[in-house]
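Structure first, commentary second.
Note that ligands are numbered from 1 as they come in the structure, with each ligand's atoms numbered from 1 the same way.
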Amino acid sequence: MKNRLVLLGPPASGKGTQAALLAATFGLPAASTGAMLRDEKSRGTVLGAEAARWTAKGGLVPDELALTIVWQWIDGRTRFVFDGFPRTLGQAQAFDVGLKERGLELDVVYLLELSNDTVRERMCTRLTCPGCGAVFNETFHAMSEGTPCPACGEALGRRQDDTREALDRRLSEYRAETLPVADHYEALGLLRKIDASPSRDALFHSLYEDLSETAREEVGS
Ligand code: AMP
């Protein structure tokens with residue numbers, strides 16, 4: 001069984017949704033650095049105030065800040081699925097070292113691939129719940145801003161950084177900063193590429209099949 005997973009992919013490629021499905025199916029604790037930063041901001045912590053300086057315009061927070069919340073969260077855990085981390089080569093290298101120091105290593109890294117046009121379309125139609133963090137899409141779910149969240153009842157809204165202005169910046173940042181992370185894991189033999197354009201369930205099926213296949217390979221070897 002794969003116990004330590006990372007999901008990489010452009011904004012709105014479904015990383016958070018797939019991490020939640022993996023958590024529910026395999027009991028893997030899921031962590032999103034983006035969600036953790038939003039939580040710090042909404043609680044008004046010092047860390048949150050520092051993060052807000054960078055995230056409001058769609059920029060990445062400094063590596064040290066991202067790593068601080070990651071190690072804070074890991075704190076003794078040995079199983080996880082990360083979504084949106086590592087986001088830079090520096091984070092990936094520091095993560096490798098920190099895991100090794102804890103006697104751990106990554107099992108697999110999935111790269112969710114999506115064209116720029118689909119990323120744009122999904123980001124402009126994404127709705128999120130400020131209460132529980134659930135993510136929906138106006139087109140797929142026939143919902144709009146203000147619709148009560150089916151999970152917790154809070155009014156759905158848009159993320160502050162899901163704007164056309166922030167989008168181009170986030171996409172170029174993804175290409176410049178995060179694609180080298182995928183190359184890093186490819187060189188380590190950990191990367192698996194998955195087409196993220198199908199529906200949520202079809203994408204999860206691909207991940208599920210791949211994880212089951214690798215589990216069968218382990219049993220067979
Ligand atoms: P996300 O929810 O993953 O799209 O993240 C939202 C925002 O939080 C990003 O646009 C970044 O500003 C920031 N962020 C999240 N994760 C990281 C990370 N690993 N490194 C740096 N910034 C991050």
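- Annotation: Ala35 places no N or O atom under 3.5 Å from an N or O atom of ligand 1; distance criterion only.
- The main-chain N or O of Gly98 is found under 3.5 Å from a side-chain atom of Arg102 such that the two form a donor-acceptor pair.
- Within the 4.0 Å heavy-atom cutoff, Ser32 does not count among the residues contacting ligand 1.
- Which parts of ligand 1 touch Arg170 is read off a 4.0 Å heavy-atom cut-off, strictly below it: atoms 4 (O), 10 (O).
- Taking the charged nitrogens against the carboxylate oxygens, Asp168 and Arg120 do have a contact shorter than 4.0 Å, which makes a salt bridge.
- At least one N or O atom of Gly59 sits closer than 3.5 Å to an N or O atom of ligand 1.
- In terms of N/O distances under 3.5 Å, ligand 1 is not approached by Asp83.
- Counting heavy atoms only, Gln91 comes closest to atom 19 (N) of ligand 1 of the residues Gln91, Glu177, Arg38.
- Residue contacts with ligand 1 leave out Met36, since none of its heavy atoms falls under 4.0 Å from the ligand.
- The backbone N or O of Asn3 lies less than 3.5 Å from no partner atom in the side chain of Arg79, so there is not a single donor-acceptor pair.
- Lys15 places no side-chain N or O within donor-acceptor distance of the main-chain N or O of Phe82, the cut-off being under 3.5 Å.
- Between the NZ atom in Lys2 and the CG atom in Leu207 there is a gap of 13.5 Å [rounded to 0.5 Å].
- For the side chain to side chain donor-acceptor pair (under 3.5 Å) test, residues two or more places apart in sequence or in another chain that qualify with Thr45 are Glu40.
- A perpendicular orientation is assigned to the rings of Phe95 and Phe85, their planes being inclined by more than 60° (bins at 30° and 60°).
- Here's the thing with Trp54: none of its N/O atoms is less than 3.5 angstrom from an N/O atom of ligand 1.
- At least one N or O atom of Gly84, backbone or side chain, sits closer than 3.5 Å to an N or O atom of ligand 1.
- Note: an N/O pair closer than 3.5 Å links Arg159 and ligand 1 by distance alone.
- Listed by first then second residue, pairs satisfying side chain to side chain donor-acceptor pair (under 3.5 Å) with a partner in residues 177-190 read Asp96-His184, not counting sequence neighbours.
- Heavy-atom proximity to Leu37, at under 4.0 Å, picks out these atoms of ligand 1: 8 (O), 13 (C), 14 (N), 15 (C), 23 (C).
- The shortest heavy-atom distance from Lys15 to ligand 1 is not under 4.0 Å.
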